[in-house]
Protein chains: 2
Amino acid sequence: MKVTNSGMALFLSTYLNKVDKKGRVSVPAQFRSALASENFQGVVVFRSNHHAALEGFSWSFMEEIGQRLDHFDLFSDLQDDLATAVFGDSVQLPFDGDGRIVLPKELMDFAQIEGSANFVGLGKKFQIWNPKTFKKRREDARTQVKVQGLTIPKGGA
Amino acid sequence: MKVTNSGMALFLSTYLNKVDKKGRVSVPAQFRSALASENFQGVVVFRSNHHAALEGFSWSFMEEIGQRLDHFDLFSDLQDDLATAVFGDSVQLPFDGDGRIVLPKELMDFAQIEGSANFVGLGKKFQIWNPKTFKKRREDARTQVKVQGLTIPKGGA
DNA sequence: TGGATATTTATGGGATAGCATGGGTTTTTA
DNA sequence: TAAAAACCCATGCTATCCCATAAATATCCA
């Protein structure tokens with residue numbers, strides 16, 4: 001049955017794909033179809049500030065972040081730091097004909113990715129992990145949510 | 001008679017359906033017709049935090065959760081934990097032409113589902129259980145309600 | 001009203017198309 | 001001109017589609 005999503009891209013689920021010796025990885029088909037309506041057919045990737053992992057965005061969400069940053073003083077240290085960490089460090093990775101991207105070597109080293117990688121949907125963004133590292137990370141997140149009783153705030157309405 | 005519902009999906013009753021060796025299960029027709037007005041014809045499923053069972057939602061409810069998460073700082077630990085545990089752990093399961101979904105193996109293992117499964121309507125969401133496990137769960141829930149009902153003090157306030 | 005006929009569901013199996021993956025070939029660029 | 005990047009094709013696997021059957025439900029008409 002046909003799947004057509006309206007609204008902005010929403011990344012869901014966790015996928016495990018192989019990384020070949022050229023550094024190529026298939027972006028999960030579900031992620032790609034979430035990006036179908038984008039102008040730029042590909043993703044934007046940069047280093048996570050919190051984990052040994054990579055952050056992935058759509059181009060248009062990147063633009064949205066830019067607008068959020070505009071709310072800071074243009075020449076403030078904070079704006080500068082954020083912009084440097086996010087924009088200065090990010091790469092634009094187009095899909096090849098088969099829906100793959102090529103991960104730059106520096107980024108693979110940073111995230112300790114070698115033969116395979118986990119694509120983790122986090123709503124508007126996603127992350128790319130070394131599978132072994134992510135296993136721990138996932139357990140942490142689950143216990144955090146469970147133990148701390150974190151809940152999603154009730155909506156208005 | 002065919003029943004068409006306006007407004008949000010409401011899931012009621014308990015159904016017992018078979019799971020074939022491909023992992024396919026029919027979603028109860030009543031549940032499907034509650035989802036008739038959805039853009040995405042299918043459900044979103046993830047692991048329950050409290051039971052050995054699966055939680056099911058409509059896609060639009062998932063989008064609602066996404067919007068609530070937007071209220072957090074994009075790179076905060078809280079946002080990260082919640083998104084990892086909620087979005088990273090969920091799967092989008094479209095109906096096939098006959099109203100079935102395919103349960104991923106990991107989720108079946110988690111909920112110990114094998115040859116058949118209970119679909120339990122809980123209002124805005126539903127759950128999928130191993131029938132044997134659910135039998136106990138239902139008895140527990142009933143006695144809880146009964147005991148608590150007996151011990152809740154009269155009046156007050 | 002009751003019984004016969006049509007629809008909707010649930011379920012199983014086989015056919016098919018899409019996806020992930022690997023290798024090779026051309027094109028770019030350093 | 002060598003190395004790397006983009007492009008193209010081949011393959012196996014699995015998810016998706018399509019059809020067949022049976023049971024349950026609804027509909028129709030005498």
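Residue numbers begin at 1 in each chain, while the letters A, B, ... track the order of the sequences. Predicted model, so just to flag it, every value in this text is computed and none were measured.
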- Query: Checking only heavy atoms, does the side chain of A:D98 share a donor-acceptor pair with the base of D:dC9 at less than 3.5 Å?
  - Reply: yes

Of the listed nucleotides ([options]), which one gets closest to any side-chain atom of [X]?
| X | options | value |
| --- | --- | --- |
| A:S26 | C:dG13, C:dT11, C:dA20 | C:dA20 |
| A:R24 | C:dA20, C:dT11, C:dG24 | C:dG24 |
| A:A29 | C:dA20, D:dC19, D:dC8 | C:dA20 |

If you look at every strand shown and take non-hydrogen atoms under 4.0 Å, does [X] touch a base, only sugar-phosphate, or nothing?
| X | value |
| --- | --- |
| A:P28 | sugar-phosphate |
| A:D96 | nothing |
| B:V27 | sugar-phosphate |
| A:K22 | base |

- Task: Describe, in one word, how the ring planes of A:F134 and A:W129 are oriented to each other, choosing from parallel (under 30°), tilted (30 to 60°) and perpendicular (over 60°).
- Result: tilted

- Is the side chain of A:R138 donor-acceptor paired with the backbone N or O of B:T84 at a distance under 3.5 Å, no angle test?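 No: the side chain of A:R138 does not pair with the backbone of B:T84.
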
- Query: Is there a donor in the side chain of B:R47 and an acceptor in the side chain of B:S90, or the other way round, less than 3.5 Å apart?
  - Reply: no

- Message: Is it the case that the side chains of A:S60 and A:E38 hold a donor-acceptor pair, with the cut-off being a distance below 3.5 Å and no angle test?
- Response: yes

- Query: Are A:V43 and A:V102 connected in a single hydrophobic cluster, I mean Ile/Leu/Val/Met/Phe/Trp/Tyr linked by side-chain heavy atoms less than 4.5 Å apart?
  - Reply: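 A:V102 and A:V43: separate clusters.
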
- Query: Same hydrophobic cluster for A:V120 and A:Y15, using side-chain heavy-atom links shorter than 4.5 Å among ILVMFWY?
  - Reply: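 Result: no, two separate clusters.
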
- Could you identify which residues of residues 123-130 of chain B place a heavy atom less than 4.0 Å from some atom of DNA chain C, listed by residue number, or say none? none

- Query: End-to-end bend of the helix from C:dT1-D:dA30 to C:dA30-D:dT1 (five-pair axes, 10° rounding)?
  - Reply: 40°

- Item | For the student: nearest non-hydrogen atoms of B:F75 and A:K125, plus distance |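 For B:F75 versus A:K125, the nearest heavy atoms are CD2-NZ, 3.8 Å.
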
- Query: Between C:dA20 and A:R32, is there an OP1 or OP2 to side-chain N/O distance shorter than 4.0 Å?
  - Reply: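 Yes, because at least one side-chain N or O of A:R32 sits under 4.0 Å from OP1 or OP2 of C:dA20.
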
